[in-house]
Protein chains: 2
Amino acid sequence: MAVRAGAEQAEKLRAAGLRPTRQRMALGRLLFKGQDRHVTAESLHAEASAQGVPVSLATVYNTLHQFTEAGLLRQVVVDGARTYFDTNTGDHHHFYCEDDGQLVDIAGDSIVVDGVPVPPRGAAVERIDVIVRLRRR
Amino acid sequence: MAVRAGAEQAEKLRAAGLRPTRQRMALGRLLFKGQDRHVTAESLHAEASAQGVPVSLATVYNTLHQFTEAGLLRQVVVDGARTYFDTNTGDHHHFYCEDDGQLVDIAGDSIVVDGVPVPPRGAAVERIDVIVRLRRR
DNA sequence: CTGTGTGCAAACTCTTTGCATAAGT
DNA sequence: ACTTATGCAAAGAGTTTGCACACAG
């Protein structure tokens with residue numbers, strides 16, 4: 001089972017054109033086991049370290065970007081200070097709590113955005129992000 | 001007319017609880033004369049300098065934040081790298097061109113967002129941001 | 001006068017980069 | 001072996017802060 005999971009990880013990485021190195025395997029396991037999650041480079045680095053996986057912060061950044069380019073992750077911009085990465089790459093939106101920085105998914109088919117004007121000449125819509133900003137009551 | 005505008009600026013600042021200093025007057029004039037605009041600290045600082053108004057970058061940052069707290073500006077988060085400030089504080093959304101970093105307003109009554117789930121317990125919706133990300137064709 | 005604002009430079013945070021070493025195939 | 005990835009430490013961008021001086025009321 002552990003072997004099986006490892007093999008799947010390796011396959012996933014290879015399919016993305018990335019060599020299945022120890023670090024990428026370990027980070028991939030943290031990211032893609034279980035349900036969708038939101039991480040920052042810092043949080044993922046801390047998590048890996050806590051589990052005894054030695055990875056440098058620079059490698060975490062590299063890996064997150066490589067995963068993003070490979071379409072395995074998606075970047076979420078909600079706060080200028082830090083960059084979030086989302087393992088859910090499908091069509092969906094976010095709740096963002098400004099007080100604690102927590103990010104929660106909103107299913108893509110739940111929200112409907114209507115009335116988007118035609119984009120300016122020479123530009124095409126790449127994606128529509130909806131961020132529902134929350135505040136503690 | 002110039003006098004008149006100056007007096008209006010001063011009044012606007014006083015109303016916001018800010019002393020009408022040279023720098024704040026100058027920045028306010030750049031920001032609020034004419035139509036709505038989007039600036040970054042850098043761009044506004046460059047603009048002020050170009051017009052011969054000596055303002056330090058630190059003061060531009062301070063002023064932008066003070067204006068924002070006073071409700072004269074609104075912060076727009078579209079890119080992790082830099083912070084944009086919008087002189088349009090009303091209900092509206094944005095086109096954001098990832099290629100050149102250009103930000104364009106979308107009237108608030110144009111876009112309709114439907115189906116937003118109820119926020120998690122203990123949280124209240126503060127605002128809904130819609131960002132239509134564009135790419136050059 | 002008295003308190004607030006400003007400018008400068010240094011500090012700070014998050015992120016990226018260069019280069020020698022290590023690991024993958 | 002040959003190539004690509006990693007780690008470290010240093011650089012980099014954007015933003016914030018501390019403190020002495022200047023200005024508004």
Side-chain angles (χ1 to χ4, degrees), chain A residues 6-7 9-30 38-49 52-70 72-73 75-85 101 103, chain B residues 6-7 9-30 38-49 52-70 72-73 75-85 101 103:
Chain A
Q9 267 306 319
E11 203 33 59
K12 186 168 195 164
L13 293 176
R14 265 193 258 276
L18 299 168
R19 289 215 299 221
T21 64
R22 295 190 198 308
Q23 291 81 345
R24 297 213 266 237
M25 291 285 281
L27 296 179
R29 220 171 286 128
L30 287 174
H38 304 102
V39 302
T40 63
E42 287 284 357
S43 78
L44 186 59
H45 180 245
E47 201 177 328
S49 301
V53 182
V55 195
S56 76
L57 185 55
T59 296
V60 173
Y61 274 106
N62 288 338
T63 303
L64 286 172
H65 286 135
Q66 288 156 355
F67 282 11
T68 300
E69 269 186 55
L72 269 37
L73 291 178
Q75 245 179 296
V76 184
V77 179
V78 282
D79 180 306
R82 63 183 123 238
T83 305
Y84 288 83
F85 292 86
L103 208 51
Chain B
Q9 267 304 320
E11 204 33 59
K12 184 167 196 166
L13 292 175
R14 275 202 197 86
L18 298 168
R19 290 216 297 222
T21 63
R22 297 190 198 307
Q23 291 80 347
R24 297 214 265 238
M25 292 284 282
L27 296 179
R29 221 170 288 127
L30 287 174
H38 303 101
V39 302
T40 63
E42 288 285 356
S43 78
L44 185 59
H45 179 246
E47 201 176 329
S49 301
V53 182
V55 196
S56 76
L57 186 55
T59 295
V60 174
Y61 274 106
N62 287 338
T63 304
L64 286 172
H65 286 137
Q66 289 155 355
F67 283 10
T68 300
E69 271 186 53
L72 269 37
L73 290 178
Q75 244 179 298
V76 183
V77 180
V78 282
D79 182 304
R82 58 180 124 242
T83 305
Y84 287 83
F85 292 86
L103 209 50

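Residue numbers start from 1 in every chain, and the chains themselves are labelled A, B, ... in the order their sequence lines are given, proteins ahead of strands.
Ranked by how close their nearest DNA chain D nucleotide is to the 5' end, B/Arg14 and A/Val60 are led by A/Val60.
Atom CD of A/Gln9 is separated from atom C1' of C/dG24 by 17 Å (rounded to the nearest Å). In this structure, the OH atom of B/Tyr84 is 16 Å from the C1' atom of D/dT15, given to the nearest Å. Nucleotide C/dC14 holds its P atom 10 Å from the CG atom of A/Leu57, rounded to whole Å.
Contact annotation: the side chain of A/Phe67 approaches that of A/Leu13 to within less than 4.5 Å [non-hydrogen atoms, C-beta and beyond].
Applying the 4.0 Å criterion to OP1 and OP2 of C/dT16, one finds that A/His65 has a side-chain N or O inside that range. Note on A/Thr59: every side-chain N or O is 4.0 Å or more away from OP1 and OP2 of D/dT6. For B/Arg24 and D/dA24, the shortest distance from a side-chain N or O to OP1 or OP2 is not below 4.0 Å. Applying the 4.0 Å criterion to OP1 and OP2 of C/dT16, one finds that A/Tyr61 has every side-chain N and O outside that range.
Across C/dG7, D/dG7, C/dC14, the shortest atom-to-atom separation from the side chain of A/Val55 is found for D/dG7. Side-chain atoms of B/Asn62 lie closest to D/dT17 of the nucleotides D/dT17, D/dT15, C/dT16.
For the side-chain contact (heavy atoms from CB on, under 4.5 Å) criterion with B/Phe85, the lone passing option out of B/Leu73, B/Val76, B/Thr63 is B/Leu73.
Among the protein residues, B/His45 comes within range of no part of the nucleic acid, since none of its heavy atoms lies under 4.0 Å from any strand. As judged by a 4.0 angstrom heavy-atom cut-off over every strand, B/Thr83 is placed among residues touching the sugar-phosphate backbone only.
The stretch residues 15-23 of chain B comes close to DNA chain D through B/Arg19, B/Pro20, B/Arg22, each having a heavy atom under 4.0 Å from the strand.
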